[in-house]
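Quick notes on the structure that follows.
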Amino acid sequence: MASFSWKNVLPRTKPDRLAVFAAVLELTLVPIFEVFVIMPPLFGLFTLSFWMHFLVGFYLWFNAVGNMIMVMGTEISSGKNILPSVLKTGWRYCPVCMLNAPPRAHHCGDCNTCVLVRDHHCVFTGRCVGHNNMRYYLMMVVFLFCSAMYCNYLNIDYAWELVGGLHWKGIITMFIPAVGWLFGYHSTMSFFSTVQCGICLFGSLQFLFLLIFHVRLVAKGITTYEWRHSAARRYNRGWKENLKAVFGSRWYLVWIAPFFPSPLLTDGINFPEQNGTNNVKDM
């Protein structure tokens with residue numbers, strides 16, 4: 001299994017740090033908004049219904065944040081695996097890392113390393129997504145989508161009352177809250193509430209798109225990088241095997257919590273192809 005280090009959690013570049021800060025800030029504000037603004041009028045303060053919804057929301061939030069941390073802290077390079085000193089067929093020499101990189105591995109300037117089975121660099125985690133942390137990235141997106149949809153379910157009545165129904169001022173208030181606030185259509189607190197409701201609404205659409213996009217690629221056995229460059233499409237071994245390659249041998253546990261171990265079936269350096277053999281070259 002790939003190692004985890006808290007030293008890896010801190011993003012390397014300034015743009016990544018700003019993006020991660022914005023993500024962490026919103027992941028902090030949304031639960032506060034839901035617990036202290038939305039839920040008390042709906043269920044009463046500290047009632048049985050309140051605590052039931054609180055536990056459901058906390059479970060979704062815990063998994064979203066937990067998987068995000070795992071994406072950021074998991075080792076994405078070859079780690080302790082000793083790479084060969086002689087350049088093999090299909091391998092490439094990385095002049096930055098000064099190492100021979102295996103097939104499907106590509107260098108990331110932001111992470112300053114060659115990432116095994118590199119998919120893409122995620123600015124909101126400040127980390128590349130690849131062989132070792134793709135499981136956590138997908139589960140992070142799953143739980144972010146579920147969390148946003150759950151917030152939308154809780155917010156719908158409040159948001160409708162906040163904008164005052166379906167009219168042009170209400171539309172401006174919901175979709176362009178800054179303009180509505182500047183023209184005095186709602187107060188500062190209403191502006192904050194509208195922003196949070198809008199973020200949950202648009203966030204759910206964004207997370208749904210990411211989820212569909214990445215699951216389709218994973219099911220086909222290719223990465224985002226390979227999809228963009230039309231490369232290495234021979235690793236498709238069927239959607240079941242492809243999903244197991246990402247979620248590991250204990251794939252049925254990764255849905256419960258991020259800390260459940262699920263050893264990956266390959267090391268990210270050698271992996272079977274469609275014909276059942278190990279890779280020997282990269283397209």
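Everything quoted here is computed from the prediction, not taken from an experiment.
- Under the 6.0 Å distance and 45° angle rule, R250 does not count as a cation-pi partner of F260.
- In this structure, H214 has its ring center under 6.0 Å from that of H120.
- Counting non-hydrogen atoms of other residues, nucleotides and ligands closer than 6.0 Å to CH2 of W51 gives a total above 12.
- In the displayed structure, Y59 atom OH is contacted under 6.0 Å by more than 12 heavy atoms of other residues, nucleotides or ligands.
- I256 and F62 fall within a single hydrophobic cluster, where Ile, Leu, Val, Met, Phe, Trp and Tyr are joined by side-chain heavy atoms under 4.5 Å apart, directly or via other members.
- Counting only heavy atoms from C-beta outward, the side chains of D119 and Y225 never approach each other to under 4.5 Å.
- Through side-chain heavy atoms spaced under 4.5 Å, either directly or across other Ile, Leu, Val, Met, Phe, Trp or Tyr residues, I76 is tied to V115.
- Under the rule for a side chain to side chain donor-acceptor pair (under 3.5 Å), the partners of D16 that lie at least two apart in sequence or sit in another chain are T13, H121.
- The two residues R104 and I222 come nearest to each other via the heavy atoms NH2-CA, 4.0 Å.
- Here the closest heavy-atom approach between residue N67 and residue F143 is recorded as ND2-CD1, 4.2 Å.
- A donor-acceptor distance shorter than 3.5 angstrom exists from the side chain of N133 to the backbone of C128, with no hydrogens or angles considered.
- Between F4 and W6, the ring planes lie perpendicular to each other; the angle is over 60°, past the 30° to 60° tilted range.
- Residues N112 and H107 meet the side-chain proximity criterion, which asks for heavy atoms closer than 4.5 Å.
- The closest donor-acceptor contact from the side chain of W61 to the backbone of L27 lies under 3.5 Å.
- Counting Ile, Leu, Val, Met, Phe, Trp and Tyr side chains that sit under 4.5 Å apart, directly or through other members, L18 stands alone, with no cluster partners.
- At least one donor-acceptor pair under 3.5 Å links the side chain of H131 to the backbone N or O of T266.
- In terms of heavy atoms, V30 sits closest to C151 at CG1-SG, 3.8 Å.
- Transitive grouping of hydrophobic side chains (ILVMFWY, heavy atoms separated by less than 4.5 Å) keeps V9 and V123 in distinct clusters.
- The shortest side-chain heavy-atom distance between P31 and F58 does not fall under the 4.5 Å cut-off.
- Put simply, the side chain of V56 reaches to within 4.5 Å of the side chain of Y150, judged on heavy atoms.
- You'll find the side chain of V142 reaches within 4.5 Å of the side chain of L211, heavy atoms only.
- Using a 4.5 Å heavy-atom cutoff, the side chains of N63 and M139 are not in contact.
- A side-chain donor from one of E75 and S77 sits under 3.5 Å from a side-chain acceptor of the other.
- For C122 against V129, the heavy-atom pair with the smallest separation is CB-CG2, 4.2 Å.
- Annotation for F36: atom CZ does not count as buried by contact number, only 12 or fewer foreign heavy atoms lying within 6.0 Å.
- Side-chain atoms of I38 and L42, non-hydrogen and from C-beta on, do get closer than 4.5 Å to each other.
- In this structure, V215 is a member of the same hydrophobic cluster as M149, with clusters built from ILVMFWY side-chain heavy atoms closer than 4.5 Å.
- A donor-acceptor pair under 3.5 Å is formed between the side chain of E226 and the backbone N or O of T223.
- Between the side chains of N155 and E34, at least one donor-acceptor pair of N or O atoms lies under 3.5 Å.
- From Y137, atom OH reaches atom CE of M72 across 14.0 Å, with rounding to the nearest 0.5 Å.
- Connection of V96 to W91 is not established within any shared hydrophobic cluster, with ILVMFWY side chains joined at heavy-atom distances below 4.5 Å, either directly or through further cluster members.
- Heavy-atom minimum distance, S147 versus L60: OG-CB, 3.3 Å.
- Under a 3.5 Å cut-off, the side chain of R135 and the backbone N or O of L264 do not form any donor-acceptor pair.
- Atom-to-atom distance recorded for M140:CE and L210:CG is 8.5 Å, nearest 0.5 angstrom.
- Here the closest non-hydrogen pair linking M134 and V246 is CG-CG1, 3.5 Å.
- The closest side-chain donor-acceptor pair between N132 and T74, if any, does not fall under 3.5 angstrom.
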Check your understanding: Stepwise, does the side chain to side chain contact (heavy atoms under 4.5 Å, CB included) test hold for T224 with F213?
Key -> CA-CA 9 Å; T224 302; F213 175 77; 3.7 Å; yes
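- Expressed to the nearest 0.5 Å, how far OH of Y136 lies from OG of S262 amounts to 8.0 Å.
- With rounding to the nearest 0.5 angstrom, the CD1 atom of I269 is 11.5 Å from the CG atom of N100.
- Here the NZ-CZ distance, from K14 to R17, works out to 9.5 Å after rounding to the nearest 0.5 Å.
- No side-chain heavy atom of V24 sits less than 4.5 Å from a side-chain heavy atom of F124.
- F43 is connected to Y153 through a chain of hydrophobic side-chain contacts under 4.5 Å among Ile, Leu, Val, Met, Phe, Trp and Tyr, so both are in one cluster.
- Atom-to-atom distance recorded for R118:CZ and T113:OG1 is 11.0 Å, nearest 0.5 angstrom.
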